[in-house]
Each structure stands twice: as structure tokens, then as C-alpha cells.
Amino acid sequence: MTPDATTSLRSQVREAIEAAWQRAQADLAPATAGEVPAAAGESPATPGGVPAEPQHAPIEIERPADPSFGDFASNLAMKLAKPYRKAPMEIARAIAAHVVTTATDAASPIASVEVAPPGFLNFRLADGALAATTTRVLLDPATWGRVSVAHPERINVEFVSANPTGPLHIGNARGAFTGDLLCRVLTAAGHTVEREYYFNDFGSQVKNLGGSVVAIREGCEIPEDGYHGEYVYDMARDLPAEILEQARQADEDPALAVGRWASEQVRAGIQASLEHLGCHFDVWRSESTLHKDGWVKQAVDRLRAAGDVYEEDGAVVFRSTKYGDDKDRVILRSTDDNAPTYFAADIGYIVEKFSRGYERIVFIWGEDHHGYVARVKAAAQSLGFDRDHVQMILTAWVRFIRDGKEIAMSKRSGEFITLDELLGEIGVDAARWFFASRAASSGIDFDIELAKKQSSENPVYYVQYAHARIASILRKATEAGISAPAGDDPRLSGLLASVLTGAPEAQLARQIARLPEIVEDAAASEETHGITAYATDLATTFHAFYRDARVIDEAEPDRSMGRLALIAAAKTTLAGALGLLGISAPESM
RNA sequence: GCGCCCGUAGCUCAGUGGAUAGAGCGCCAGGUUGCGGACCUGGAGGUCGUGGGUUCGAGUCCCGCCGGGCGCGCCA
């Protein structure tokens, strides 16, 4: 539990239900002596007849679809109907009777509990809970939205990892945003995250790239399987003569030496593009260092020691079928002096990553790599790691369409749209929102012209507009000599208590208070579309508030200050939601 | 052929087994003598691909079928 994290109101209500359920046990007289019913068929009673510790699945709490049902609803009584052999309504009434509300304890976050058919428990939040939350936002705006998962982990997330043989193209966009968004959400939930980029810096494609640069430089034809993009010509022009000279003196293939130089140029360009997107990486790891530092050899040795390799036709094969793979996989080739395969390097990489102390390693892959999942997990298991600590998140394919036709992309031909070009057209914020608002597993048709046309109508601007509008009101208030009270202002609780009796104010405070839940859900599901939906909801609620409640009114200074406190909290919350998505929150636009 | 993913409003997409299936865009009709009209209010628009099953309850879980995408190298 980090001290600056927030416990969501949902968690507080869950604890209140839990406690009420415990106190209601006597009224609910178990169907069979010694049996403690479990909420969701979990944790059977101990065989000896002694009641087990009351373990059960977490009590489910949801935001009701219909706001007239209150702020939170639980289906607990319906889940308990079978084990208790009682009607859900009866159970619900028994639990409701034991819920502590503000009627008996002024500090309770719950104002009232209602029972509704077929057995729902509906809860209403107390104004005091809303005021306390608003105060907390103002007291420490920087940490508002941070929560604390039950078991924080050190997590490595590897994403993009495109080979440095050409600039990133639009096909790399989804992986970049998906990985970055995941890292932001996991961090906000209390995990420690490192972001990693893996690239091949010595393979045949790199040599190929070097060969293409050399050919252009020397006025020859580019080899048939070479690279033709404009950036190749730029590098041929910029290639320092020393590189060629040194290669000649060392009697090295110039394509190889130039390839090393060229791929580093490209890699640096990729890094710059990613930083421009707001995607920062902590670690850049090259395939060659895995071999050089002995990780690949160590991994192969460990598989061998585990008895999971055999030789076949001169090749060394990993028996991945033992761990659920479709077929066994070659790790050392029969040719090229038993050179390791790409997969062997990946196995070495697993060993290297876990040696750094991560509890979980995550890969963001395009779904075209899904066939790779089983073999990598198999390798992890054979190496003695928990296969569940190796996680793959697959992003569905994005079809880029222009004029009704899918755009084919090929780095070698140079016929592709770069990520930089796309973002120049539609803007980073709009692009981030586009990907953040869709589940990673959902296939997307990205119509370039449509996206450009719609970028000006992108909901992201609706949210940013709400933020800028609040900023404007706060500026105006300062000019009028009224300012928003700070979180530690002794008048704050009185001002909020008075102002929260109004419907627009209470609605806004309710929306603000949801942020920690949204972060919890995003981290648990490892998806961010809940955040975009929430940000839109909050903006809508603010715009309604703006319509119904005038903030600056010199004739009503107390009411003005109470409302200023609320919109300041709303502004922080909007910025927090946008920040989770890596999107800017402008003071004006 | 085998495996994985997907199928929800005209379009792009949400929907942790719960109450009347939602949002944005588009379309139609309205709204401001006041803090930013990049705003607000209302409306039309759905056999949740399809047929069974499990459940007190299924868009959600299971099976079959139809349609679409991807994968099934000692390539990376």
C-alpha cells in the first residue's frame, strides 16, 4: 500500500457489505450445520466439519445502469441464494439491516441501502463521502488517480521491437500505443514497470540494408532484395567515408559495416518518432548482445540439462510439445555451423529478463504472432519459470484503407506510410484516443481519409475542451478576486457540504469520485477504453453543470468558492484521465 | 485440414453472468440579451451472425453451423 494511493469508494462500499454480511450470519442460519456458504461456489467447507475461514470470491459491485438505483449495486444476495437455500430478497434484507450507514455512523460513506427485486442491494453515497473525495483531490492533485493493487509487481513490457531497417510505418502504431497505454495504466495501479525495445542489429536484413546503401553510394543498382525507400538514399548521401574506408582496411564486407551504421541511424530515428508519440523506452536491447553476453548459450544449456532437447538431422531441437506446443522447435540449425535460430535468441532473452528480477514479463505482439505464444511459454516452463509470468498481449490487425482499398506495406519496396506522416495528418492526441478507445483484441478498419476528416470531430477535443473551459473559469474567478479554496483550507468542508446539496454539484462530485475505480478496472482488464468512456462522461457531466450552475457570482462568494473547489477537482480529474492516456490537457485551445 | 481472434445501431466501437443493450460520428428537430456555441436538449435508428445447451437470469459461459481475419518454416 503506497501512502499516496487512493482507496476507491467502491472498495469502501465493498468492505461495508462484507462486514454487514458477517454480522448477518446469525440471521442467515446456514442450511447445513458447520457449512459456511461461499459467494460464488468457492472454498468448500473443511471436511472435518469445522467451519473454514469465511473465504469467498470478491463481492461483486457494479455501477447500476439506471442511476435511479443509486451509486452502487451488489448481486451478493442472489449469489448466496443457493448456498443458504433462502430467497434472494430475504437474504438481501438481512444483509441490508446490518449495513452501517450515516444514520448510525456519520463517518460511513453510505447514506442508504435499498433492496430491490430480484435481490439487488442498492447503495447511495453520502454527501460526506463526496466532500471527502473532493478534498482529497485538491489536497494532492498529483497522485489523484493512483491506486494500489493487492500485489504490486515489477513488470517488464516489451513492445514495438520493429527491426531497424526502415522508419516505423502505420502498421506499428497499434503496438506502440497499446504498449505505452498498458505501461501507464499498470504504473498508475501501483506496479513498477520498465519499457523495453528489442531489435536485431546483425541479421541478414541489416546486411541487406547496408548493401543497398553502398550500392546507391557507388552508383550501382540496388540488389533485387534490397531496400528502396527514400530514407535509404538519404543515408547513402550522409554515409561518412570513414565507414567504407575502415571496412576496406579491415577487409570486412562493406555491406556489413555500413549495415551496422545504417541500422543505428534508423534505430535512432525510430526512437525519435516514438518519443514524438509520447512513447518512451527505458531499455533498448539488441539481439547481438544476447549472444555476446552468453544468454543464448546459457538458455540452450539449461534446456539440455532439463532433458528437453534432442538432435535430429544435425539440428538441435527443443521438445516444446512436452509443454503444450503443436510441434517441437529447432533451436540450433543443422546448417551454418549450428547457428542459433531466432527462437533460440528469444529463449536466451527470457533468461536474461528474469535475471533482472522481474516478476512478470509482457510482450505486445501483433496477432499474426499468436502461433509463437505456445513455444515461448513452453520454453519458459522448461527453464523453470512460471509460464503464467510470461504474458503475451496480442493486438488485432489494423487494416489501413484508402479509396476503399487496403494499403499494402513493404519496407523493401519503400511503399508505405510512415507513422510520422500519419501523425502529421491527424495529430498525436487524436491518434492516441483512437487506439485507446478500442480493445486490443478488436480488429480495426482505419480509413485514412475518414480519420483525417473525423479528427476535427474526435471526442478527444470534447474532453480537452471541458478542461480548457474550466481553466478559463478559474482564470476569470481570479480576476474577479475569488479563488478556489485549497485542499487544506479550513473553510473547505463547510463550503462543500453546503454546495453539494445542489443536484448539478452532487452529480459532478459523483463523476469525479469514480476515477480510482476506473483505474482499477483498466489495470485489471489491461484495456483503456474504459478510461476514454469515463473521460467523455465526466466532460458531459461538467458541461451540464456549466449549463445549470453559474460558478462566478460576486453576490454569492461562498457558493462561488464551493463551486470553484468542485470544478478545480474536475479539472484535475480530467487531466488525470487524459494523462493516463498520454494525452495533453490544454489550459486553452 | 488443425489452432487462435472477431461478428452488437447507417459508420467506428463499448458492454467484469444481472435491472429498459450503450457511446461517438452521421441524420432530423430545437436551444444562448450571463463564467469559452469545439456547448446544450429532444428524436429516429437493434431478430446482439445463426441454431441448440447451461443458469433463477445469457450480448456475455459451452457445443454445432455461417461469414471475416490471422497463424501452422532450421525466415525474422
Side-chain angles (χ1 to χ4, degrees), chain A residues 40 58 60-62 64-66 68-69 73-75 78-79 81-82 87-88 116-120 122 163 165 200 203-205 287 312-317 326-327 329-336 338-346 366-374 394-397 399 433-434 437-447 450-451 453-454 456-466 468-477 479-480 521 524-525 527 529-530 532-533 536-537 539-540 542-544 546-553 560 563-564 567 588-589:
Chain A
E60 292 172 41
I61 307 248
E62 61 174 14
D66 185 339
S68 72
F69 294 139
S74 176
N75 60 3
M78 289 180 281
K79 293 281 186 202
K82 189 168 282 179
F120 286 104
N122 291 334
N163 277 341
T165 53
N200 182 324
S204 58
Q205 295 311 317
E287 187 180 344
E312 187 174 71
D313 304 331
V316 176
V317 184
D326 291 341
K327 55 179 78 165
R329 308 291 172 177
V330 172
I331 49 178
L332 300 179
R333 304 169 216 250
S334 58
T335 59
D336 294 334
N338 279 117
T341 60
Y342 181 87
F343 176 50
D346 255 18
E367 69 170 357
D368 54 331
H369 283 67
H370 68 74
Y372 215 70
V373 173
L394 303 178
T395 60
W397 207 242
R399 299 199 320 149
W433 186 277
F434 181 89
S437 58
R438 287 150 172 80
S441 63
S442 147
I444 297 179
D445 279 359
F446 196 114
D447 186 315
L450 198 64
K453 194 164 131 274
Q454 289 185 343
S456 61
E457 292 136 11
N458 194 301
V460 69
Y461 299 118
Y462 177 80
V463 177
Q464 289 180 320
Y465 179 71
R469 209 178 201 185
I470 294 172
S472 173
I473 297 173
L474 293 173
R475 282 192 300 269
K476 274 251 164 44
E479 287 166 19
D521 290 345
S525 63
E527 292 283 1
H529 46 257
T532 56
T536 307
D537 275 355
T540 298
F542 167 71
H543 287 306
Y546 176 87
R547 181 194 65 221
D548 296 331
R550 185 176 175 78
V551 176
I552 302 170
D553 183 354
S560 291
R563 286 179 176 173
L564 281 168
I567 66 166
S588 64
M589 51 194 292

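Throughout, a chain's letter reflects where its sequence line sits, starting with A, and its residues are numbered from 1. Bear in mind the structure is a predicted one, so any value in this text is a computation, not a measurement.
- In the set B:C35, B:C39, B:A19, B:C35 carries the atom at the smallest distance from any side-chain atom of A:Tyr546.
- To the nearest whole angstrom, the two C1' atoms, one in B:C62 and one in B:A38, are 48 Å apart.
- Here the separation of B:C11 from B:C63, taken at their P atoms, is 30 Å to the nearest Å.
- The minimum heavy-atom distance linking A:Tyr461 with A:Met589 is given by the pair O-CE, 3.9 Å.
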Listed pairs, N/O of protein and of nucleotides 25-32 of chain B, under 3.5 Å:
none

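- Residue A:Glu62 is in base contact, counting any heavy-atom pair closer than 4.0 Å across all strands shown.
- Nucleic acid contact for A:Leu564: none, since no nucleic acid atom lies under 4.0 Å from a heavy atom of the residue.
- Aromatic stacking of A:Tyr465 on B:G36: not satisfied for centres closer than 5.5 Å together with planes under 30 degrees.
- Residue whose closest nucleotide on RNA chain B sits further toward the 5' end, between A:Ala116 and A:Glu527: A:Glu527.
- For A:Arg438, no side-chain nitrogen or oxygen approaches OP1 or OP2 of B:U12 to under 4.0 Å.
- Pair assignment for B:G10 gives B:C25, based on Watson-Crick or G-U wobble hydrogen-bonding distances that are each under 3.5 Å.
- When both pairing distances are held under 3.5 Å, B:G1 makes a Watson-Crick or G-U pair with B:C72.
- B:U33 and B:C25 are spaced 33 Å apart, taking the C1' atom of each and rounding to whole Å.
- Judged purely by distance below 3.5 Å, without hydrogens or angles, the side chains of A:Asp66 and A:Ser68 pair a donor atom with an acceptor atom.
- Separation of the P atoms belonging to B:G22 and B:G45 is 15 Å when rounded to the nearest angstrom.
- Across all strands shown, B:C65 forms a Watson-Crick or G-U wobble pair with B:G49, both key distances being under 3.5 Å.
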Handout entry: Summary of protein contacts for nucleotides 69-76 of chain B, nucleotide by nucleotide, where a base hit scores B, a sugar-phosphate-only hit scores S (4.0 Å, heavy atoms)
Key = -BSSSBSB
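- Applying the 4.0 Å criterion to OP1 and OP2 of B:G36, one finds that A:His543 has every side-chain N and O outside that range.
- Among the atoms of the strands shown, base atoms are found under 4.0 Å from some heavy atom of A:Asn122.
- Dashed line: the shortest gap from a side-chain N or O of A:Ser437 to OP1 or OP2 of B:U12 is not under 4.0 Å.
- Residue A:Ala81 is out of contact with every strand shown, counting any heavy-atom pair closer than 4.0 Å.
- Rounded to a whole angstrom, the distance from the C1' atom of B:U16 to that of B:G10 is 30 Å.
- Within the nucleic acid shown, A:Thr532 has no heavy atom closer than 4.0 Å to any nucleic acid atom.
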